Amino acid sequence: MDNAVKTRFRVDGMDCASCANKIDTAVRRMPGIADVSVSVTTGTMTVLHDGTTDLNAIGQKLSGLGYPAREVKAAPEASTATPAHRHGPDCNHESHSGHDHGHHHDHDQGHVHGDQDHGEKGVAVSEGLHGHDHGPAEGPWWKSRKGRLTIVSGVALAAAYALGHLVPAIETYAFIAALLVGLLPIGRRAVMAALAGTPFSIEMLMTIAALGALFIDATEEAAAVVFLFLVGELLEGVAAGRARESIRSLSALVPKTALLEEGGKTREVAANSLAVGSVILVRPGDRISADGVILSGDATIDEAPVTGESVPVRKAVGDPVFAGTINGDAALRIRVTAQAEDNTIARVVRLVEEAQESKAPTERFIDRFSRYYTPAVVLVAALVAVIPPLLAGAGWNEWIYKGLAILLIGCPCALVISTPAAIAAALSSGARRGLLMKGGAVLEGLGTLTAIAFDKTGTLTQGKPVVTDILPFGKTGYEVLALSAALEVGSSHPLALAILERAKDDAVEIPSATELRALGGKGVSALIDGVEVFLGSPRSAAERVNLPLAHSRAIAALNDDGKTVSVLLVGNLLAGAIAMRDEPRADAVEGLERLKKAGIKTVMLTGDNRRTATAIAARLGIEVHAELMPEDKQRIVRELQSQGFITAKIGDGINDAPALAAADIGIAMGGATDVALETADAAVLHGRVGDIALMIDLSRRTMKNIVQNITIALGLKAVFLVTTIIGITGLWPAILADTGATVLVTMNALRLLRPIR
């Protein structure tokens with residue numbers, strides 16, 4: 001559909017797949033609707049329409065079915081927005097700013113801001129009678145309308161038993177009254193669902209079975225079955241509520257209030273009222289109430305709520321901090337960089353919610369299967385009820401009873417919820433660990449991967465050079481570092497920052513330098529204590545002084561290890577040298593080893609020079625392709641696919657865009673959260689290589705869980721189908737087989753919420 005408009009709704013009262021199917025069917029039949037995606041776990045629905053659709057009519061339609069709905073207002077889709085700050089396809093250039101160090105970069109950074117929800121607009125809210133509605137999510141179950149109905153039905157059933165024993169003559173009427181208490185709301189929903197396009201709903205099957213039992217004088221059992229049905233649905237709702245709460249609890253990590261600093265004073269304000277640029281004070285032990293940058297203070301931050309990292313991280317002035325993380329040991333002044341609805345946790349929650357509306361291939365198959373399965377069950381039930389009496393002269397009451405039991409056994413609820421329940425739990429569990437996957441199809445695909453192509457810079461490595469060696473020639477190591485740092489003060493070049501970082505870590509006292517000059521393509525020089533000091537490439541240093549053979553060999557050995565070497569001269573004295581390299585991430589070797597044990601081929605694709613790439617690859621034990629342009633990376637990914645590998649590409653989401661697009665699954669890695677959420681199919685927010693193996697393991701465990709769920713759902717039905725036909729079980733076990741299977745399947749899926757190891 002050209003110029004399609006996407007509108008998102010919050011839908012109350014959805015607790016099972018039957019609800020979702022009824023909503024999907026009803027909305028899909030409305031004029032101007034192109035597509036509908038419904039997520040039970042998050043209580044959301046996304047509608048793709050032509051822009052002429054009456055959104056109020058959608059709300060009224062859902063309210064009539066018993067599902068109050070309200071529109072969620074959203075910003076324009078990221079796919080139609082112009083990306084902000086997107087830099088070039090690949091920045092594969094030599095270092096500059098006066099440093100001829102031969103250091104290459106095969107990374108880029110930028111931010112693409114995705115679509116954001118900005119509040120909710122009421123469309124239509126109606127009380128309605130709906131069997132799956134449990135009232136306020138945070139309230140106890142007995143305060144919900146469904147809970148109250150279940151209690152009243154139970155009391156009526158108990159009263160009917162008591163009256164039946166006291167006055168046997170009115171026993172039948174007492175059970176009919178108890179039956180109607182629960183059946184009238186169920187029957188009303190059945191009719192509404194049928195009018196909206198779902199004639200074979202669980203409510204319709206339940207209504208037919210209960211009325212049929214009434215006509216064959218099984219009133220006591222019919223009343224009991226209606227009560228058990230309500231209890232089963234209540235249990236489904238409690239289980240679904242647990243899954244929903246696992247996602248909503250992420251939002252609860254962000255405090256409701258903040259200490260806003262204005263005019264030298266602080267006052268408490270609502271955290272969601274903070275504007276970008278505001279300054280807030282965060283006391284030791286408090287949760288940080290917004291994404292921001294530290295203006296003053298130095299503290300350890302517990303980032304476990306956002307990244308899953310258990311070890312607190314030291315943060316100082318200029319470092320970014322995330323909403324929901326915990327300030328450890330010092331007061332911090334923080335400048336807010338994102339509004340409440342745009343902070344890291346809000347984006348994660350939104351991504352997880354949207355991902356759950358995207359169905360996995362297995363889920364789509366089960367949905368299609370259930371469309372034919374339920375009418376087939378109704379047909380089988382009808383045949384069981386009429387064929388034995390007609391052809392074999394069997395008793396009508398006995399076989400109608402069996403047919404009614406088969407109707408209840410045949411409800412597809414457990415089968416239909418088997419896949420989305422597992423996927424919802426897995427997506428939520430992954431999000432808590434910083435593993436984000438855009439939908440069930442991605443989650444399912446991750447488990448099938450057989451090859452992974454990694455970017456180097458910022459993915460397998462830290463993304464910035466660090467000082468690895470200090471060679472003292474004519475000066476001590478301390479002096480070499482101090483003088484080199486003096487020349488780099490104020491520079492923003494990555495190599496300069498590496499030297500300054502090392503000087504800070506080693507608590508080096510940096511002397512003051514004057515007449516600082518950048519010598520284009522050669523290095524930098526300055527006067528320190530009246531003596532000219534030069535720092536630059538070995539070639540430039542050799543033009544000024546003679547490099548002894550032993551020193552040249554030492555420098556060459558460092559170069560062979562893929563390190564960039566800067567030589568320091570003090571006057572005409574060869575003082576020393578500093579070697580730098582973008583080092584592998586701390587967990588890279590272990591992470592790659594875990595992937596190999598999982599049977600996955602790994603390869604490194606980089607635009608960096610061959611010597612550096614080969615040295616890093618040797619340390620990591622990974623196959624390498626170096627000096628690649630973006631189109632080369634894409635070509636290699638396609639070659640892997642042509643060899644039969646199901647291939648993922650892992651990179652920063654910008655300069656690897658062609659390869660990410662070509663791969664079966666693109667995974668963005670590292671701190672560029674908004675880039676990660678937009679560019680790739682999945683994202684590893686914390687940037688650990690080992691998290692890729694965790695993501696794949698989560699996928700494989702999820703698929704096993706889905707198989708278990710389908711086996712439980714179909715297995716219980718098959719067993720009770722046989723026992724019902726041969727006369728062992730009846731209506732009571734039939735309804736327990738249905739609601740019991742649904743609860744078992746949901747609880748089994750919730751096992752995926754346990755912490756990932």
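A quick note: this is a predicted structure, and the numbers were derived from the prediction, not measured. Values below: every heavy atom of this structure, side chains too, minus hydrogens, waters and symmetry copies.
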A.B. asks: Cut-off 3.5 Å, side chains only: do Tyr161 and Glu171 have a donor facing an acceptor?
C.D. replies: no
A.B. asks: Can you find a heavy atom in the side chain of Leu435 that is under 4.5 Å from one in the side chain of Leu694?
C.D. replies: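 The answer is yes, as the side chains (C-beta and beyond) meet within the 4.5 Å cut-off.
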A.B. asks: With no hydrogens and no angle check, is any side-chain donor or acceptor of Lys22 less than 3.5 Å from a backbone partner on Ala193?
C.D. replies: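 No.
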A.B. asks: Given the rule in the side-chain contact (heavy atoms from CB on, under 4.5 Å) test, do Asp12 and Arg70 qualify, once you have shown the distances and angles that lead to the verdict?
C.D. replies: CA-CA 9 Å; Asp12 293 335; Arg70 59 195 180 279; 3.4 Å; yes
A.B. asks: Would you call Phe9 and Thr46 a side-chain contact if the rule is heavy atoms closer than 4.5 Å?
C.D. replies: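 Side-chain contact under 4.5 Å: no.
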A.B. asks: Would a 4.5 Å heavy-atom cut-off, applied to side chains only, mark Met45 and Leu62 as touching?
C.D. replies: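 Yes - at least one pair of side-chain heavy atoms lies under 4.5 Å apart.
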A.B. asks: Can you tell me if Thr723 uses its side chain to pair, donor with acceptor, with the backbone of Val719 under 3.5 Å?
C.D. replies: yes
A.B. asks: Give the C-alpha distance, both sets of side-chain angles, the deciding distance and a yes or no for side-chain contact (heavy atoms from CB on, under 4.5 Å) between Lys61 and Ile58.
C.D. replies: CA-CA 5 Å; Lys61 171 76 78 173; Ile58 292 176; 5.7 Å; no
A.B. asks: Does Ser699 reach the main-chain N or O of Leu443 with its side chain, forming a donor-acceptor pair under 3.5 Å?
C.D. replies: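 Confirmed, Ser699 side chain pairs with Leu443 backbone.
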A.B. asks: Supply the atom-to-atom distance Leu752 CG to Ser429 OG, rounded to the nearest 0.5 angstrom.
C.D. replies: 7.0 Å
A.B. asks: What pair of heavy atoms forms the shortest contact from Ile725 to Trp399, and how long is it?
C.D. replies: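 That would be O-CH2, 4.0 Å.
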A.B. asks: Could you grab the distance from atom CG of Leu390 to atom CD1 of Ile387, nearest 0.5 Å is fine?
C.D. replies: 8.0 Å
A.B. asks: Any idea which heavy atoms bring Val5 and Gly51 closest together, and the distance?
C.D. replies: CG2-CA, 4.0 Å
A.B. asks: Could you state the interatomic distance from CG (Asn748) to CG (Asn705), rounded to the nearest 0.5 Å?
C.D. replies: 4.5 Å
A.B. asks: Can a salt bridge be assigned to the pair Arg188 and Glu203 using a cut-off of 4.0 Å between side-chain N and carboxylate O?
C.D. replies: no
A.B. asks: Considering non-hydrogen atoms only, spot the tightest contact between Leu404 and Leu731 and give its length.
C.D. replies: C-CD2, 3.8 Å
A.B. asks: Are the side chain of Thr25 and the backbone of Gly197 linked by a donor-acceptor contact shorter than 3.5 Å?
C.D. replies: no
A.B. asks: Do any N or O atoms from the side chain of Tyr67 and from the backbone of Ala20 form a donor-acceptor pair under 3.5 angstrom?
C.D. replies: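 Between the backbone of Ala20 and the side chain of Tyr67 there is no qualifying donor-acceptor contact (under 3.5 Å).
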A.B. asks: Can you find a heavy atom in the side chain of Ile186 that is under 4.5 Å from one in the side chain of Arg189?
C.D. replies: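 Touching, per the 4.5 Å side-chain cut-off.
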A.B. asks: Between Ile409 and Ala734, what is the shortest heavy-atom contact and its length?
C.D. replies: CG1-CB, 3.6 Å
A.B. asks: Would you say the side chain of Trp396 lies within less than 4.5 Å of the side chain of Val386, judging by non-hydrogen atoms?
C.D. replies: yes
A.B. asks: Do Ile208 and Leu407 make a side-chain contact, defined as non-hydrogen atoms from C-beta onward lying under 4.5 Å apart?
C.D. replies: yes
A.B. asks: Using modelled atom types and a 3.5 Å cut-off, is there a donor and acceptor pairing between side-chain atoms of Arg700 and backbone atoms of Gly447?
C.D. replies: yes
A.B. asks: Drop me the distance from Leu446's CG to Ile665's CD1, to the nearest 0.5 angstrom.
C.D. replies: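 Output value for this atom pair is 4.0 Å.
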A.B. asks: Using modelled atom types and a 3.5 Å cut-off, is there a donor and acceptor pairing between side-chain atoms of Arg8 and backbone atoms of Val47?
C.D. replies: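 Not confirmed, Arg8 side chain does not pair with Val47 backbone.
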A.B. asks: What closest approach, in Å, do Val181 and Leu149 show between heavy atoms, and which atom pair accounts for it?
C.D. replies: O-CD1, 3.7 Å
A.B. asks: Would you check if the side chain of Asp50 reaches a backbone N or O of Ala34 as a donor-acceptor pair within less than 3.5 Å?
C.D. replies: no
A.B. asks: Do you know the tightest heavy-atom contact between Leu179 and Ala210?
C.D. replies: CD1-CB, 3.9 Å
A.B. asks: Going by atom types alone, do Thr729 and Thr724 pair a side-chain donor with an acceptor below 3.5 Å?
C.D. replies: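 Note: Thr729 and Thr724 side chains meet the donor-acceptor criterion.
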A.B. asks: Give the C-alpha distance, both sets of side-chain angles, the deciding distance and a yes or no for side-chain contact (heavy atoms from CB on, under 4.5 Å) between Leu449 and Ile696.
C.D. replies: CA-CA 8 Å; Leu449 291 176; Ile696 291 168; 4.3 Å; yes
A.B. asks: For a 4.5 angstrom cut-off between non-hydrogen side-chain atoms, does Ile706 reach Ile423?
C.D. replies: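 In contact.
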A.B. asks: Could you please spell out the steps behind the side-chain contact (heavy atoms from CB on, under 4.5 Å) verdict for Asp24 and Val27?
C.D. replies: CA-CA 5 Å; Asp24 186 296; Val27 175; over 6 Å; no
A.B. asks: If we ignore hydrogens and angles and just use 3.5 Å, is the side chain of Thr53 paired with the main-chain N or O of His49 as donor and acceptor?
C.D. replies: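 No, because the side chain of Thr53 does not come within donor-acceptor range (under 3.5 Å) of the backbone of His49.
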A.B. asks: Is there side-chain contact between Phe175 and Glu221, with heavy atoms separated by less than 4.5 Å?
C.D. replies: no
A.B. asks: Using 0.5 Å steps for rounding, measure from the CZ atom of Phe720 to the CD1 atom of Ile728.
C.D. replies: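 If we round to the nearest 0.5 Å, Phe720:CZ and Ile728:CD1 are 10.5 Å apart.
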A.B. asks: Can you tell me how far the CG atom of Leu48 sits from the CG atom of Asp35, to the nearest 0.5 Å?
C.D. replies: 6.0 Å
